[in-house]
Amino acid sequence: MLHKIQEGSVYKLIKIEESLILCQIGFTHHVIRVEFPVGKPSIYFRQKAVEYIWEWFDLDQDLEAFYEVANQDQVLKNLAHKYYGLRIMCIPDLFEALVWAIMGQQINLTFAYTLKKRFVEQFGESLTFEGETFWLFPSYEKIASLSVDDLRNLQFTSRKAEYIIGIAKAMAKGELSKEILLQNKDFIKIHQSLLMMRGIGPWTADYVMMKCLHIPSAFPVSDVGLHNALKNFIGLERKPTIEEVKEYAVNWEGWQAYATFYLWRSLYDKNT
DNA sequence: TACCAGGACCTCG
DNA sequence: CGAGGTCATGGT
């Protein structure tokens with residue numbers, strides 16, 4: 001798939017100016033170490049790779065600031081302690097973040113992963129190393145040239161196919177990019193710009209701001225996973241309403257994205 | 001077998 | 001505007 005974890009390392013294929021570069025990322029003695037199993041990339045490419053990984057792990061965020069906020073909140077206090085050090089796993093590529101969000105709209109995650117796998121293996125580039133194939137997420141240039149039926153064949157709905165191709169075309173024309181979005185003065189304007197695109201609603205806009213644009217106050221309040229996590233973690237009889245979620249979140253100001261991410265994380269070990 | 005899924009769009013009143 | 005219908009298929 002898009003990355004592989006093996007023997008304490010994570011392998012990730014990235015593309016820098018037409019070059020495919022396989023990164024092997026390890027973590028020992030509080031140091032993140034990046035190695036390149038294929039070829040010998042120049043210092044320029046190694047720096048670009050580090051920039052990508054820096055964004056991927058959201059390393060610019062000041063986690064201690066989050067923990068100060070979390071300590072003032074009954075829900076977050078426990079989660080911050082339990083998952084101390086956890087950072088949002090980001091999706092640095094805007095097209096990838098948007099498409100993945102659209103794939104996940106109103107379908108179960110298992111099927112969303114199936115769709116993503118088909119999408120990536122049909123339209124993405126790859127590199128094979130020691131018998132393992134590593135994939136790049138497809139480029140918007142490639143997807144912009146597709147027809148709705150090309151995606152319908154992979155069991156995308158017509159609506160989702162239209163959204164994805166529309167966004168790819170907007171990006172290919174230079175109308176939509178990470179840089180353009182980040183030129184906005186504040187995150188409300190970024191949110192509004194995203195909502196202008198067909199297929200991007202409030203949830204997708206917040207999701208992308210959280211996972212791609214590194215905005216820690218982005219908050220997908222309507223997210224079903226968030227609702228389930230709150231229900232489980234607090235021990236509610238039913239899922240909270242939007243208004244109830246907002247009540248729980250009054251103390252999360254500035255760190256709603258991290259609160260959400262830690263709550264999502266708690267869904268993985270609700271049975272343990 | 002129902003019901004729901006990490007929503008968004010469209011139509012109507 | 002706000003509510004209700006539609007998309008469409010896989011999981012549980």
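None of the values given here were measured: they were computed from a predicted structure. We name chains A, B, ... by the order of the sequence lines, and we start the count at 1 in each one.
- With B/dA5, B/dA8, C/dA8 as the choices, the nucleotide that has an atom nearest any side-chain atom of A/Ser158 turns out to be C/dA8.
- Between A/Lys239 and B/dA5 there is a side-chain N or O to OP1 or OP2 distance below 4.0 Å.
- If you check distances only, the side chain of A/Gln106 does reach the base of B/dA5 with a donor-acceptor pair under 3.5 Å.
- Contact check for A/Asp149 versus A/Arg152: side-chain heavy atoms found under the 4.5 Å cut-off.
- Counting heavy atoms from C-beta outward, A/Asp223 and A/His227 have side chains that stay 4.5 Å or more apart.
- A tilted orientation is assigned to the rings of A/Tyr262 and A/Tyr258, their planes being inclined by 30° to 60°.
- Checked against a 6.0 Å centroid threshold, the rings of A/Tyr11 and A/Phe129 do not count as neighbours.
- Taking the side chain of A/Gln155 as heavy atoms from C-beta on, and the options C/dG10, B/dA8, B/dG6, the nearest nucleotide is C/dG10.
- Contacts of A/Ile200 with the nucleic acid, taken as non-hydrogen atoms under 4.0 Å apart, involve only primed sugar atoms and P, OP1 or OP2.
- A heavy atom closer than 4.0 Å to some atom of DNA chain C occurs in no member of residues 207-230 of chain A.
- Between A/Leu98 atom CG and B/dG7 atom P there is a gap of 16 Å when expressed in whole angstrom units.
- Under a 4.0 Å N-O distance rule, the pair A/Glu18/A/Lys15 qualifies as a salt bridge.
- For A/Thr157, the side-chain atoms get nearest to C/dC7 when compared with the rest of B/dC9, B/dA5, C/dC7.
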